[in-house]
Amino acid sequence: MTLQRKLRQLYQILLEQYGPQGWWPLSYSLTPQTKSVGESRYHPDIYSFPTNDWQKLEICLGAILTQNTNWKNAVKALNSLNFSRLTTLKKISKTKNSDLALAIRSAGYYNQKAKTIRNLTDLLNHHSFEELEKLPLRESRKIILNIKGIGPETADCILLYALKKETFVIDAYTKRILSYLGIVSEQEEYSSIKQLFESSLKNDLIIFQEYHALLVNHGKTYYSKRPYGIDDPILNDVASA
DNA sequence: AACCAGGACGTGA
DNA sequence: TCACGTCATGGT
C-alpha cells in the first residue's frame, strides 16, 4: 500500500471510530449557547472556527499553556486567566510577568510560559490577527515561529486553528503512531513528518484540523504508556497490513 | 512513587 | 547536528 493510501486510510479509520472532534476546544470564550468548559464543540453547520479575536487569543494561549502539559492543567490555567480577567490583549499587555506567571501556575513551566505569552502579545500588538491571516502561510509561519518560546508545533497549532491556515500539526502522539505503523523512525524530523501528511492529503483546512485532533485523541488513549500502541485495538490491523 | 503530559530552548561536544 | 539538561504542576 502506498504511503498516501495509508495516511488517508488512517484518517478514515479514526474519523469513523471517534467522529468529528471540532477542535480547537474553547474554554472561557465559549459563546453562551455552547457547552461546558474546556471541551471542544462540534456543529455540522457552524463549524468551530474562532469567530472573534477573543477566541483566537484563547487558542494561542491554550497552545502555549499545553506545551508538554496535560490539557486539563492548561484548562485550569485558562480558567484562572479568565477569573483574573486576563483575556484580552490589552489586559495581558498591562500585566507584569510575575502576575501572569501566578495566574497560569497550574499549567507548569509558568515562568517560561509567562514570557512566551508576553512575547506573543508584544507581536500581536504590532500585527493584528486580521493582518496575519491575510499573509501567505510561509510568511505568517515565519513570523509566529520567530516568537521566542513558540516552536514548530505550537506555531502550527496557532496557524491551523486560530489563523485558519492549511498547515499540518505534528505532535508527540502523531510521531508515536506513525512510528508504530512503521511509517517513520522514532526520531524523524518534525518538518519531514509534516511533509508526509501535507503531500498525502488534500490541502483542506477541516481535514488538517480534524486529523490532528483525532490523532491526539487516539494517542492519549493508546500511546501514552510504553510500549506504545501495543493495546491499540484499531491500528494493529493497519500495522500488519 | 515513578512516570507522563497535545514542547522549546540552551549548552557543550 | 545531536544528545542532554532544564523548566514545573498535577494525573494516574
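- Between the C1' atom of B/dC9 and the CD atom of A/Gln67 lies a distance of 11 Å, rounded to the nearest Å.
- Considering every non-hydrogen atom in both A/Ala114 and A/Asn97, the closest pair reads CB-O, 3.8 Å.
- For the pair A/His212 NE2 and B/dG7 P, the computed distance is 8 Å after rounding to whole Å.
- When heavy atoms are screened at a 4.0 angstrom cut-off, A/Ile150 is found touching the sugar-phosphate backbone but no base atom.
- Residues from residues 100-121 of chain A placing a heavy atom under 4.0 Å of any atom in DNA chain C, listed by number, are A/Arg105, A/Ser106, A/Gly108, A/Tyr109, A/Tyr110, A/Asn111, A/Gln112.
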Determine whether A/Asn125 and A/Ser93 satisfy the following criterion, side-chain contact (heavy atoms from CB on, under 4.5 Å), listing intermediate values before the conclusion.
CA-CA 9 Å; A/Asn125 278 323; A/Ser93 299; 3.1 Å; yes
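- Between A/Arg176 and B/dA5 there is a side-chain N or O to OP1 or OP2 distance below 4.0 Å.
- Distances from the side chain of A/Lys148 to the nucleotides B/dC9, B/dA5, C/dT12 place B/dC9 closest.
- Rounded to a whole Å, the OH atom of A/Tyr223 is 14 Å from the P atom of B/dA5.
- Under the 4.5 Å side-chain heavy-atom criterion for grouping Ile, Leu, Val, Met, Phe, Trp and Tyr, A/Ile59 is connected to A/Leu137 within one hydrophobic cluster.
- Taking the nucleotide of DNA chain B with the nearest heavy atom to each of A/Leu145 and A/Asn70, the more 5' of the two is matched to A/Asn70.
- At a cut-off of 3.5 Å, with distance as the only test, a side-chain donor of A/Asp171 or A/Thr174 sits close to an acceptor on the other residue.
- A/Gln195 and A/Ser199 are not linked by any side-chain donor-acceptor pair at a separation below 3.5 angstrom, with hydrogens and angles left out of the test.
- Note: A/Tyr161 and A/His212 have tilted aromatic rings, judged against thresholds of 30 and 60 degrees for the angle between ring planes.
- For the pair A/Asn68 CG and C/dG5 P, the interatomic distance rounds to 16 Å; values are reported in whole Å.
- Taking atom P in both C/dC7 and B/dA1, the straight-line distance is 23 Å, to the nearest Å.
- In this structure, A/Trp71 places its CH2 atom 16 Å from C1' of C/dT9, rounding to the nearest Å.
- For the strand DNA chain C, secondary-structure stems (runs of at least three Watson-Crick or G-U pairs, all distances below 3.5 Å) span B:7-13 with C:1-7.
- The pair A/Asp156-A/Arg141 meets the salt-bridge criterion, since a charged nitrogen lies less than 4.0 angstrom from a carboxylate oxygen.
- Using a 4.0 Å heavy-atom distance criterion, A/Glu189 is classed as making no nucleic acid contact.
- Only the P atoms considered, B/dA8 is 22 Å distant from C/dG10, to the nearest whole Å.
- Protein atom CD1 of A/Ile158 is 13 Å distant from nucleotide atom C1' of B/dA8, rounded to whole Å.
- Between A/Ile177 and A/Leu215, the shortest heavy-atom distance links the atoms CD1-O, 3.7 Å.
- Looking at A/Lys194 and A/Thr167, their side chains do bring a donor and an acceptor atom within 3.5 Å of each other.
- For the pair A/Ile64 CD1 and C/dA8 P, the computed distance is 15 Å after rounding to whole Å.
- A/Leu65 has its CG atom 13 Å from the P atom of C/dA8, to the nearest Å.
- Dashed line: the shortest gap from a side-chain N or O of A/Lys76 to OP1 or OP2 of C/dG11 is under 4.0 Å.
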Name the atoms and distances for all side-chain donor-acceptor pairs under 3.5 Å in residues 223-231 of chain A, with sequence neighbours left out.
| residue | atom | partner | partner atom | Å |
| --- | --- | --- | --- | --- |
| A/Tyr223 | OH | A/Asp232 | OD2 | 2.7 |
| A/Ser224 | OG | A/Lys220 | O | 3.1 |
| A/Tyr228 | OH | A/Arg176 | NH2 | 3.4 |

